[in-house]
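A short write-up of the structure that comes next.
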Amino acid sequence: MSVLQQTFRRSTRYLPMSVILLILAVLAVLPIGMLIYASIIDVVPRPGSTGGALTREWYSNIANRAYLVAGRNSMVIAIGGTSLALLFGTGLAWIGARTDVPGKSIVALAGIVPLFVSSLVGALAWSFLGSPNQGFLNILLRPIGLDVINVYSIPGIIFVFGLYYAPYSFLLVYSALSLMNPELEESAHTHGATNFTVMRIVTLPLVAPAIIGGGLLTFALILENFSVPTVLGTPAGVNTLPTFIYRLMNAAPPDANQAAAVGALLMALLVVIVFVQRKVLSRREYTTVAGKGFRPRVVTLGRWRWAGFAFAATYIFLAVVLPLMALLQMAFRNNLYIAGAAELFDPSAFGLDTMIDVLTYSSFQTGITNSVVVAVSAALLGVVFCFAMAFTVARSKLPGRQVIEYLAMVPVAVPAIVMGMGILWAWFLLPLPIYGTLAILVFAYIGRFMPQGFTSIAASIRQVHTDLEESAVVSGASKTRSSLEVTVPLIRSSVIAAMLLLLILSFRELSVALFLFTTDTRVLSIVIFDFWNGGSLGRAAAASLLYSALLTVIVLAARRWMGVKQAG
Amino acid sequence: MTSTAAHEAPVAGEDAVAEIEIRNLTMKYGDTVAVNDLDLDMNSGEMLVLLGPSGCGKTSTMRSIVGLETPSQGVIRIAGKTMFDSAKGVSVPPDKRGIGMVFQSYAIWPHKTVFQNVAFPLRMQRLPRTEIRERTEEMLETVGLKDEGSRGASLLSGGQMQRVALARSLVMRPRVLLLDEPLSNLDAKLRDRLRFELKDIQQQIGVTSVYVTHDQSEALALADRVAVMREGEVMQLGEPMSLYDRPQTRFVADFLGVTNLFPGQVASSDGGVNTVRLDGCDTEVAAVADRPAGAEVSVCVRPDAVTIDDPAAPRSGGNRFSGVVHASSFLGTHVRYRIDVDDAVSFDVVTFSRRKIFARGDTVTVSVDPADVRLLSE
């Protein structure tokens, strides 16, 4: 081979990786850089201007009482919400995986259904249910004098978080419990331990990493959540760090640098939590033994079977049934003023006016179109990009491929609302005129969800033994040919599953879009948020119903597809 | 299976080059040296087994031959054609080397049928459809899977997968076939059967083969020649029987399953016979060898070279020791004993005679012909 050929080969070898690193720089590095930059200079980031002198002002301002209160609220809510979510999540996981509870598969389903409800919709529904005076539950309970429910409070926010963030710990603990080698527990049992002791000395220590890891993940997600504390905290004047950032950005004039400083602190907090969470979960291997079909040990509950079932049923009732009924009430009422409990069941109070109004409302219609266009584009492009990254990391021997892995995971530790800000400012710097188009939303969503896409595709590529590809190469296929003939067909279903995951996540997302939309580029979640913000609660409910219905259709289609995968 | 031109051995002349020629092969992963300055020649049609513990460089050597690894240094030629030459910057990619390979995991593509798996290399050569069909079916028949072509490959048993892998590696009529521990994932009985089949097919086709394994009995059973490797180097190369009978080092003897290895010191040397005093006891062993007195050696006796008798049996010359049966296990074709001779020395003995079976605690005499005692250095 000539020197020229070698040089050419070398440069083409690095080309894909260079492109990937460039995209990662734009999606992850630049936004974070801009955010930090904005937090230490004395001028507002603006298109075409990057000047300004260094200042510490924005960070020293944070010592102000209002910020400290927001920070304290954030911590209290995150700790309370995580504890409640862990209670629901691990409880459901244990009941569903390890007991003889009736309707086991329903319990397992209960653990994940709320995952597909946008937390914005959950918070809206609970504001209809539990607001003081006008909340449906208070109206119902007034005759017996128990109309004391108030979700417009820190406990109310904690409660709603507990409901909607239970699935994360559920998933981790459920899989740890069902994959655990039952012989580990059986051997303790045969060597003299009682059921309770087995649980204490074997089961619990083995699932502890999953519980702690799930708890930290939930903590991080609650800490960065914007919609729940906005919907439930605003009426009571309760601020958290994310809502504070939003208020700073929406002030007139926007206090962008101050928002950046608060955002940078929130991000720093998240980095620490995510780091600890990863450390905890990386030690999880010893709990499971892969590749063997185990039948997990089942505890006979006896009389307590129905108590277990009641626990699961109560959870579904609170997380799904009640909120759904509240949305239906709001969406189909002709008059939102309700004098007494009887009016909740009066057929003449209902009609289709609000629903028709929303369906014919032009921003709702463009919202649907925009949501579909953005979510589908983000899913398709995101999956291609994630495949390229995962394949490079797993299969190339190029130096620096680990950098891709780190950068791809960076957005996990960036609060969505902060990422939105960073992306907004990053695009001020770049010559592409995409601000104000749907494209910037697509970029933002890809950046936000690439950790999830990357992780799932990388895992599936790692499952394809390199022998399978190498045997194709030895048989005379080029590397490209071998990946097309072998790798792609083998991980096709995982890639499609990852695509559906990105689709669902993008469709559900609100926070990252908050600073990136314009009048023409509002997505559904933004439209609902605007309805709520403008006081059109009936419209907000009707739109939420349609939004959730669409999400459900996507999820069911996804499940169907994944079901087919399992069968075939 | 009809032999075809591609499989016939090249005419062996005085100056016939080796089929595979490896010179100064060195492979490093970071600071660790996997293969260290290795030279190896293979004749056409022979089966060479690379035997050694994990990490000895046998797999790295094989993967360098096929081109899946790039050596740090060295030359690899196959049938006179340079496949790799670090000095000249030559490295033929694996898809152009035309070498067949059976992977340890079989690497059968689960999304293709048996037929599609086997036909793949021919498709890559863009052969006409009818020829692909003909040759694939012929190959499937050779490995005994004639009627399984349309089955999905994910539904095969381990033994069947192994046959598919073999068929796929042979269908393109390679000059060289590489086998990477192809039997290690099978249960013992199947392994024994397939070992014979494999040897049979290889000899039938006459393809030059490199076989990697850490199982000494597999190596001895299959090989025309065995190369025992350790830490990236070939310790000893030779035909199975000569290797087993005349290991040159303690490592080779140990790895080939010679269990009677005792460290000692040459006490005297007299006319081609050494007397060795074993470490930690008074036992002396005579050996036909010529080492200087005082040399540190390992005494090596094959378990099947030891005779076991009643103490009352008539004496014969050579080494005779009185011992007690510590354990005896009947293994079907033979009986294996462990005989304690003194505190530090126990002999492993294999006997095929069933005239007299000794039990634990019996006092016996063990004897070894000095010609069967080998003195090894480390």
Side-chain angles (χ1 to χ4, degrees), chain A residues 1-14 290-293 394-402 460-497 564-568, chain B residues 29 59 62-63 65-70 82 84-85 88-112 116-127 152-154 161 164-165 167-172 174 176-178 180-182 185:
Chain A
M1 191 183 298
S2 73
V3 176
L4 198 72
Q5 270 175 312
Q6 267 188 342
T7 323
F8 178 72
R9 238 186 88 183
R10 204 153 291 160
S11 57
T12 51
R13 235 160 44 116
Y14 281 96
K292 266 193 172 183
R395 291 295 192 255
S396 82
K397 289 173 185 161
L398 301 180
R401 63 187 188 283
Q402 297 304 333
S460 64
I461 290 182
R462 275 189 208 110
Q463 276 172 0
V464 177
H465 202 299
T466 46
D467 279 3
L468 291 171
E469 290 156 10
E470 285 179 347
S471 63
V473 171
V474 171
S475 302
S478 67
K479 276 200 173 160
T480 317
R481 187 76 193 261
S482 123
S483 75
L484 288 178
E485 286 259 1
V486 177
T487 325
V488 172
L490 284 177
I491 69 165
R492 199 188 61 180
S493 46
S494 318
V495 169
I496 292 180
V564 168
K565 178 188 90 179
Q566 276 158 4
Chain B
Y29 300 103
T59 300
M62 165 180 280
R63 287 170 64 85
I65 296 174
V66 71
L68 290 171
E69 304 276 349
T70 309
T82 304
F84 179 82
D85 189 335
K88 291 184 188 148
V90 176
S91 181
V92 178
D95 49 309
K96 302 282 183 292
R97 292 197 187 185
I99 296 176
M101 178 159 174
V102 176
F103 289 74
Q104 184 174 10
S105 63
Y106 312 137
I108 298 303
W109 303 304
H111 59 296
K112 294 180 187 285
Q116 286 168 336
N117 263 282
V118 176
F120 185 86
L122 302 179
R123 262 180 61 221
M124 291 302 114
Q125 292 179 4
R126 296 168 201 280
L127 295 182
S154 57
M161 281 206 203
V164 176
R168 185 180 62 190
S169 63
L170 288 173
V171 76
M172 58 179 171
V176 173
L177 172 67
L178 307 181
D180 186 5
E181 311 220 13
N185 286 335

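E485(A) places a side-chain heavy atom less than 4.5 Å from the side chain of K112(B). A 4.5 Å side-chain heavy-atom check between D467(A) and Y106(B) finds every atom pair outside the cut-off.
Looking at L178(B), neither its backbone nor its side chain comes within 4.5 Å of chain A, counting heavy atoms on both sides. Contact of L68(B) with chain A is made through backbone and side chain together, with heavy-atom distances under 4.5 Å.
Side-chain N or O atoms of W109(B) include none that pairs as donor or acceptor with a backbone N or O of V486(A) at under 3.5 Å.
Here P121(B) is the residue among S154(B), G67(B), P121(B) with the most heavy-atom pairs under 4.5 Å with chain A. Per-residue heavy-atom pair counts under 4.5 Å with chain A were compared for Q104(B), M101(B), K96(B), R123(B), and the maximum is reached by R123(B).
Between M124(B) and A477(A) the shortest heavy-atom distance is SD-CB, 3.6 Å. Taking all atoms of both residues into account, the shortest heavy-atom contact from P110(B) to L468(A) is CD-CD2, 4.4 Å. Between I99(B) and V474(A), the shortest heavy-atom distance links the atoms O-CG1, 3.0 Å.
To the nearest 0.5 Å, atoms CG (N117(B)) and OG (S475(A)) are separated by 9.0 Å.
Not a single side chain to side chain donor-acceptor pair (under 3.5 Å) links T59(B) to another residue, sequence neighbours left out. For D95(B), there are no side chain to side chain donor-acceptor pair (under 3.5 Å) partners two or more places apart in sequence or in a different chain.
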